[in-house]
Amino acid sequence: MLSSSYGIQNLLKEGYKHYAGLEEAILRNIEACKGVSNLTKTSFGPNGMKKLVVNHIDKLFVTNDAATILREVEVHHPAARLVALAAKMQKEDFGDATNYVVTLAGELLVQAEALIRTGLHPSAIISGYELGLAEAQRLLAASVALTVADARDADVITRVIESALAPKLPSHHAFFAQLTAKACLAVLGEGEGSARFSAENVRLVKVLGGSLEDSELVRGFVIPRGLESSGREGGEKLRVAVFGVPFDPQEAETKGTVLISNAQQLLDYTKTEESYAEKLVRELVDAGVGMVVAGGSVSELCMHYLNKYGLLVLRLMSKFELARLAKSINATVLSKLRAPTPDEAGYAESVRVREVGSTRVTAFERAGDSSQLVTIMLRGATHSSMENVERALENGLSAYKQLLHDPRYVHGAGAIEAHLVNKIESFATSHTGLEQYACLKFGQAFEAVPKILVDNAGLNSNTELPTLLAGNVERPCRGVDVFGGALADSESLRVYDSLAAKANAITLAAHAALTVLRVDQIIMAKPAGGPKAPNNSGWDNQD
């Protein structure tokens, strides 16, 4: 029987939801995006507040990283997800400024909402925002404050990385900036651009115990576990055989049954097993192998002969760690228990086992490589604090990679945003159409960044924000000293933001806002699947 309803509902299957018009679609989408922006806005800057997020599997996150927060809270509103996806793209491409994208996109939509309520059509707002975006990109390119000429200048690199780490590590950013800079320079190879550097060559290992200042840089591949073999605690100039399977000749892929009718057959069976294990180990020794890395368990019988012939044994359960280790020592992961050829065996200059806190760690070192792998060994009292540092250091590595790709930087600490506010407002007044109002609001949206920094520094935004805006008219030269609680000259602050990362963040935020403004209808299908299981208890416990 045909539905008797009229309009678009007559065209859609039962269960669809349809929203249209100014109140139902545009303003509702803006409200959802404002909610996402307000969620992360308070975490912006070095003095930003942290969020305690418990995800769907009860894992705990204490962080101010916007990308992590948005990923774990699982935003479902379709318009709000556009902003979350823009932040995700910024994270994947540049590794930083994700909160900047969300904050700016939310502020652009706040300004657009004010214009819509005054009667301005969304198409005029879109035209004005596009004008403002083009002018902002031009102003950024003309406001370069620092160009890194030498990618091996430790002082400049440390300052650039410190600017990226300060929002995530307000108390330890200077220490970890130096540590990250040393790690990046240690793995920097020869070549041009970002191809010289691979962040995969800088490994992060978390070791529980001690303080964050106890973290150290180790030149080599570090594994937070000790050796399985007894006797020696390391060796020099070792050839290493890496197996991707357990070191157990008797472990079969299928189950088998052996029938033994007398004691002699039992003795003969064990002799055969012993002779095979010894033969396998002797083949490794004859091939010059001094260490065995097994991708699983090691049988007691094989361990006996490995110890007898003096081979070091390390057991790794992670296939990913096994592949990383094989790459670091130029070894081939073997899928069968056999002696490796000279090309398949890896080489370690030294293997050392030492105790860090209450954890035994094994370090592989391989000298002579221009892009030698290094490991930053993180220490901390809790796993949460170390995970927060790990996320921050990933941003630092991305900042160095971006430096190699584009060495241009602009003044940070809210200086460039205050400059954009002044210049875009002047640019907007030069137009006579309706788009001038939207262009003016586009420039005013940048006020959100210095205002948050001023508030987080404990200053009065009503008095300090006008002073900051007045000090950045002709060029960005005055920023917010968050740690000192005052406004200061940008040259003395030495806080720099990557021009490419900033320009991309502004573009993504603007495009996300423009996409939301272009939507005038929302059509939502009925969710697939049957009835959902109750969250509080099982089916059997229902009354």
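Sequential numbering from 1 along the given sequence is applied to the chain's residues.
- A salt bridge links Arg408 to Asp406: one of the charged nitrogens lies within less than 4.0 Å of a carboxylate oxygen.
- For residues 81-104, there are no ring-ring contact (aromatic ring centres under 6.0 Å, His included) pairs, not counting sequence neighbours.
- Within the 4.5 Å cutoff, the side chain of Leu499 has no heavy atoms near those of the Tyr409 side chain.
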| What do the steps show when you test Arg28 against Glu31 for salt bridge (Lys or Arg N to Asp or Glu O under 4.0 Å), and what is the final call? | CA-CA 5 Å; Arg28 180 177 295 202; Glu31 194 66 30; over 6 Å; no
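- For Lys88, the salt bridge (charged side-chain N to carboxylate O under 4.0 Å, His left out) test picks out no residue, with sequence neighbours left out.
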| task | Give the intermediate values and the outcome of side-chain contact (heavy atoms from CB on, under 4.5 Å) for residues Leu104 and Leu108. | result | CA-CA 6 Å; Leu104 183 58; Leu108 287 172; 4.2 Å; yes
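- For the salt bridge (charged side-chain N to carboxylate O under 4.0 Å, His left out) test, residues two or more places apart in sequence or in another chain that qualify with Glu321 are Arg203.
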Which atom pairs, donor and acceptor, lie under 3.5 Å between side-chain atoms of residues 161-170 and protein residues at least two apart or in another chain?
| residue | atom | partner | partner atom | Å |
| --- | --- | --- | --- | --- |
| Glu162 | OE2 | His173 | ND1 | 3.0 |
| Ser163 | OG | Arg159 | O | 3.1 |
| Ser163 | OG | Tyr496 | N | 3.1 |

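- Atom CG of Leu397 is separated from atom CG of Leu204 by 6.5 Å, given to the nearest 0.5 angstrom.
- Annotation for Arg324: atom CZ counts as buried by contact number, over 12 foreign heavy atoms lying within 6.0 Å.
- The one candidate from Thr68, Asn395, Asp96 that meets the side-chain hydrogen bond (donor to acceptor under 3.5 Å, both in side chains) condition with Lys91 is Asn395.
- At a threshold of 4.5 Å between non-hydrogen side-chain atoms, the residues Glu107 and Lys34 do not count as touching.
- Paired with Tyr400 under the rule side chain to side chain contact (heavy atoms under 4.5 Å, CB included), one option of Val202, Leu188, Val160 passes, and it is Leu188.
- At a threshold of 4.0 Å, the pair Glu200-Lys401 does not count as salt-bridged, since none of the basic side-chain nitrogens sits closer than that to a carboxylate oxygen.
- The two residues Cys33 and Leu109 make their nearest non-hydrogen contact at CB-CD1, 3.3 Å.
- Listed by chain and number, the residues in a side chain to side chain donor-acceptor pair (under 3.5 Å) with His383 amount to none (sequence neighbours excluded).
- Going from atom OG1 of Thr118 over to atom CD of Glu113 covers 11.0 Å, rounded to the nearest 0.5 Å.
- Lys50 pairs by the salt bridge (charged side-chain N to carboxylate O under 4.0 Å, His left out) definition with nothing, not counting sequence neighbours.
- If you take NZ on Lys182 and CD1 on Ile157, they are separated by 13.0 Å, rounding to the nearest 0.5 Å.
- Of all the heavy atoms in Gly396 and Thr180, the pair that sits closest is C-CG2, 4.2 Å.
- Residues passing the side chain to side chain donor-acceptor pair (under 3.5 Å) test with Thr40 are Asn99, sequence neighbours excluded.
- Salt bridge absent: Lys51 and Glu72 never bring a charged side-chain N and a carboxylate O closer than 4.0 Å.
- At a threshold of 4.5 Å between non-hydrogen side-chain atoms, the residues Val187 and Leu373 do not count as touching.
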| message | Would Ile125 and Gln111 count as a side-chain contact (heavy atoms from CB on, under 4.5 Å) here? Give the steps. | response | CA-CA 10 Å; Ile125 299 175; Gln111 300 294 341; over 6 Å; no
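- Nearest heavy atom pair, residue Ala80 against residue Val36, reads CB-CG2, 3.4 Å.
- The shortest heavy-atom contact between Ala413 and Leu453 is C-CD1, 3.6 Å.
- Between the OG atom of Ser398 and the CG atom of Leu403 there is a distance of 12.5 Å, given to the nearest 0.5 Å.
- In terms of modelled atom types and a separation under 3.5 Å, the side chain of Asp153 and the main chain of Ala149 share no donor-acceptor contact.
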| said: Ile506 vs Leu508, test: side-chain contact (heavy atoms from CB on, under 4.5 Å). Steps then yes/no. | reply: CA-CA 6 Å; Ile506 293 173; Leu508 287 175; over 6 Å; no
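- Shown here are the salt bridge (charged side-chain N to carboxylate O under 4.0 Å, His left out) partners of Glu425, two or more places apart in sequence or in another chain: there are none.
- Taking the side chain to side chain donor-acceptor pair (under 3.5 Å) definition, one finds that Thr147 meets it with nothing, sequence neighbours left out.
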Output a table of donor-acceptor pairs, distance under 3.5 Å, between side-chain atoms of residues 434-452 and any protein atom two or more places apart or on a different chain; print 'none' if there are none.
| residue | atom | partner | partner atom | Å |
| --- | --- | --- | --- | --- |
| Gln436 | NE2 | Gly433 | O | 3.4 |
| Lys451 | NZ | Asp455 | OD2 | 3.2 |

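- The two residues Thr103 and Phe44 have their closest heavy-atom pair at OG1-CD1, 4.2 Å.
- Looking only at side-chain heavy atoms (C-beta outward), Leu146 and Val156 come within less than 4.5 Å of each other.
- Annotation: side chain of Leu517 is in contact with side chain of Ile116 (closest heavy-atom distance under 4.5 Å).
- Under a 3.5 Å cut-off, the side chain of Thr467 and the backbone N or O of Thr463 do form a donor-acceptor pair.
- His411 places none of its side-chain heavy atoms less than 4.5 Å from the side chain of Val495.
- Contact annotation: the side chain of Asp214 approaches that of Ser211 to within less than 4.5 Å [non-hydrogen atoms, C-beta and beyond].
- Remark: the backbone N or O of Gly220 is paired with a side-chain donor or acceptor of Thr375 at under 3.5 angstrom.
- Residue pairs meeting the salt bridge (Lys or Arg N to Asp or Glu O under 4.0 Å) criterion with at least one member in residues 379-394, sequence neighbours excluded: Lys206-Glu390.
- Taking CG of Asn388 as the reference point, atom CG of Leu378 lies at 11.0 Å (rounded to 0.5 Å).
- Between Val83 and Ala105, the shortest heavy-atom distance links the atoms CG1-CB, 4.2 Å.
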| side-chain contact (heavy atoms from CB on, under 4.5 Å) evaluation trace for Leu52 with Val54 | CA-CA 7 Å; Leu52 194 154; Val54 182; 3.9 Å; yes
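- How far CG of Leu217 is from CD1 of Ile376: 6.0 Å, rounded to the nearest 0.5 Å.
- For Gln137, the side chain to side chain donor-acceptor pair (under 3.5 Å) partners at least two apart in sequence or on another chain are Thr507.
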| message | Pair Arg71, Glu92 - check salt bridge (Lys or Arg N to Asp or Glu O under 4.0 Å), show working. | response | CA-CA 13 Å; Arg71 184 183 70 245; Glu92 292 178 354; over 6 Å; no
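- With contacts defined as side-chain heavy-atom distances shorter than 4.5 Å, the pair Ser143/Ile416 qualifies.
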